[in-house]
Number of protein chains: 2
Amino acid sequence: MSSKITPITDAAEPSLLAPDGGRKGAAVAERIRVMIIQDELPPGAPVRERALAERLEVSRTPLREAIKILSAEGLVEVQPHRGAVVADPSNEELRGLVELLGVLEAFAAELACRNRTDAELQELRALQDEMMAAYARDDRLGYFRCNQAIHLAIVKASRNRALIHHHGVVNARLYRARYICNLRTRRWASALQEHEDMLQALEARDEAKISGILRNHVLQAWDKMVVMLEEAAANLPRRRAS
Amino acid sequence: MSSKITPITDAAEPSLLAPDGGRKGAAVAERIRVMIIQDELPPGAPVRERALAERLEVSRTPLREAIKILSAEGLVEVQPHRGAVVADPSNEELRGLVELLGVLEAFAAELACRNRTDAELQELRALQDEMMAAYARDDRLGYFRCNQAIHLAIVKASRNRALIHHHGVVNARLYRARYICNLRTRRWASALQEHEDMLQALEARDEAKISGILRNHVLQAWDKMVVMLEEAAANLPRRRAS
DNA sequence: CGGGATAGCGTGGTATGCAATGTTCGGAGA
DNA sequence: TCTCCGAACATTGCATACCACGCTATCCCG
């Protein structure tokens with residue numbers, strides 16, 4: 001069998017969400033997703049069909065498909081006859097998303113305690129080491145990537161496909177916020193100990209413990225995010241209008 | 001402001017999922033969703049673009065949009081160059097979905113404890129009474145509808161938009177299974193007492209209690225579903241092939 | 001008689017053109 | 001000068017035509 005599709009996306013983050021098929025629309029959606037996450041398309045920015053289609057060198061049809069997908073994921077909002085804009089969640093919505101993410105990850109971790117293999121545990125341990133190394137060398141991007149990878153690995157270890165999918169969607173909506181939060185926050189090592197505890201709970205298959213840790217973990221992330229958002233709001237009053 | 005869109009779907013269940021815009025594609029998606037739920041399009045059935053487009057009196061374009069939406073929701077699965085088929089979740093996937101639904105509803109109920117208004121509580125009480133009435137007169141469909149309405153109302157009372165949305169998606173994927181399960185199960189009143197307990201916990205704003213009730217509640221639903229599925233599997237060996 | 005290759009058909013995938021709507025800018029009237 | 005109305009433009013929404021891929025059935029060769 002030959003190569004299935006040309007992987008249009010050569011982005012740094014390899015496919016946050018697994019698209020259903022090998023269609024062009026899904027590939028375009030992935031590219032736009034990356035553009036949104038990397039702030040190339042900031043929140044509130046309009047998503048022009050023709051312009052983007054030309055820029056990505058595809059026709060309007062797959063681009064519209066991509067917009068449908070992203071709209072279903074909540075990353076963009078479409079207004080009839082007025083086009084799509086990158087979603088700009090309010091603080092309240094962000095809070096809801098973070099809480100939801102916490103619940104999903106806590107549940108995933110419970111399942112992971114039951115279902116994990118030793119290989120997965122080792123991989124997590126390796127990621128944890130890598131993250132600590134990134135912390136030691138003050139590599140915030142690497143730290144962030146490892147952090148994400150760890151959470152993703154835990155969710156994947158849950159073996160619950162629906163859970164994995166929905167977590168991916170919620171995570172994508174929060175990705176940008178967490179990213180800039182991670183880059184700008186001062187005391188950015190608070191998660192290290194919690195991750196260590198998580199790993200130990202995972203090793204001991206202590207479901208109750210890991211669930212509590214993760215819900216708390218994500219809520220703390222929210223606390224950090226709040227102050228970040230306040231700062232950001234203070235700096236730039238409004239950015240919606242073009 | 002005038003009427004926004006012509007509600008194509010006049011189905012019994014009014015819009016399980018709130019689509020984003022007033023586009024034709026979303027309307028078509030809603031119609032197909034109803035067709036899937038009502039078993040007009042049974043699991044495994046292929047979704048023919050041209051045929052369905054002609055049947056629904058729309059062009060292929062909005063129909064394809066609808067398929068994208070449904071695919072993102074997991075209600076249909078598309079294989080590249082081979083078309084879309086109505087999702088036919090395996091028992092394992094169903095189990096995962098049920099567990100996820102339980103977690104989501106449990107969390108929603110916690111939030112509802114915090115955020116509910118007295119009006120919402122009264123509405124829930126009314127629904128509960130209606131459900132008991134339906135049970136008394138052996139009206140399974142009415143019972144099922146009330147049951148769904150109660151769960152939906154609780155989720156809505158959580159005031160968490162993302163949670164509401166994701167719950168809607170998961171619920172839609174399980175709707176058909178729960179429906180036929182409800183119609184065919186023998187001892188179909190087991191949920192009444194639990195619902196009563198739920199309402200009381202909601203009244204007392206007892207978060208821990210309601211969370212436990214709901215997770216257990218949905219898992220029991222799963223147990224019932226399992227035996228149902230076994231019966232069904234025994235009756236009709238395979239239904240995938242056309 | 002059996003297996004493999006090829007051709008035909010049906011399907012989804014993509015592109016483009018046309019129609020409808022929303023917006024904005026300019027002119028005219030008060 | 002300010003406001004309201006209208007027309008033109010830009011952008012999305014829809015439909016249709018064309019293309020590529022996969023499936024299948026038949027025919028030929030071993």
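Since the model is a prediction, treat every value here as computed from it, not as a measurement. Lettering of chains follows the sequences in order, A, B, ..., and the numbering in each one begins at 1. Just so you know, these numbers use all the heavy atoms, side chains as well, and skip hydrogens, waters and symmetry mates.
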Give every pair of a protein N or O atom and an N or O atom of nucleotides 15-21 of chain C that lie under 3.5 Å apart, one pair per line with the distance.
unit_1 : atom_1 : unit_2  : atom_2 : d
C:dA15 : OP2    : A:Ser59 : N      : 3.3
C:dA15 : N7     : A:Thr61 : OG1    : 2.7
C:dT16 : O4     : A:Thr61 : OG1    : 3.4

Exercise. Rounded to the nearest Å, what distance is computed from the CG atom of residue A:Leu63 to the P atom of nucleotide D:dG13?
Worked result: 12 Å
Problem set entry | Qualifying residues under side-chain contact (heavy atoms from CB on, under 4.5 Å), relative to A:Arg161, sequence neighbours excluded | B:Glu93
Exercise. Atom CD of B:Gln79 to atom C1' of C:dG10: distance rounded to whole Å?
Worked result: 16 Å
Exercise. Roughly, in whole Å, what's the span from CD in B:Glu49 to C1' in D:dC21?
Worked result: 14 Å
Problem set entry | Counterpart residues, salt bridge (charged side-chain N to carboxylate O under 4.0 Å, His left out), relative to B:Glu92 (two or more places apart) | none
Exercise. Counting only side-chain N and O atoms of A:Arg82, is one of them less than 4.0 Å from OP1 or OP2 of D:dT11?
Worked result: no
For this session: Starting at atom CG of B:Leu70, determine the distance to atom P of C:dG12, rounded to an integer number of angstrom.
Result: 15 Å
For this session: Check the distance between C:dG12's P and A:Glu65's CD and give it to me in whole angstrom.
Result: 13 Å
Exercise. What is the distance, rounded to the nearest whole Å, between atom CD of B:Glu54 and atom C1' of C:dT11?
Worked result: 15 Å
For this session: Pick base, sugar-phosphate or nothing for B:Arg48, based on heavy-atom distances below 4.0 Å to the nucleic acid.
Result: sugar-phosphate
For this session: Name all residues meeting the salt bridge (charged side-chain N to carboxylate O under 4.0 Å, His left out) criterion together with A:Arg173; count only those two or more places apart in sequence or in a different chain, and write none if there are none.
Result: none
Problem set entry | Partner residues of A:Ala66 under the side-chain contact (heavy atoms from CB on, under 4.5 Å) criterion, sequence neighbours left out | A:Val28, A:Ala29, A:Ile32
For this session: In whole angstrom, give the distance that lies between atom CZ of A:Arg64 and atom C1' of C:dT14.
Result: 14 Å
For this session: Name all residues meeting the side-chain contact (heavy atoms from CB on, under 4.5 Å) criterion together with A:Val155; count only those two or more places apart in sequence or in a different chain, and write none if there are none.
Result: A:Glu105, A:Ala108, A:Ile164, A:His167
For this session: For residues B:Phe107 and A:Phe107, establish whether the separation of their ring centroids is below 6.0 Å.
Result: no
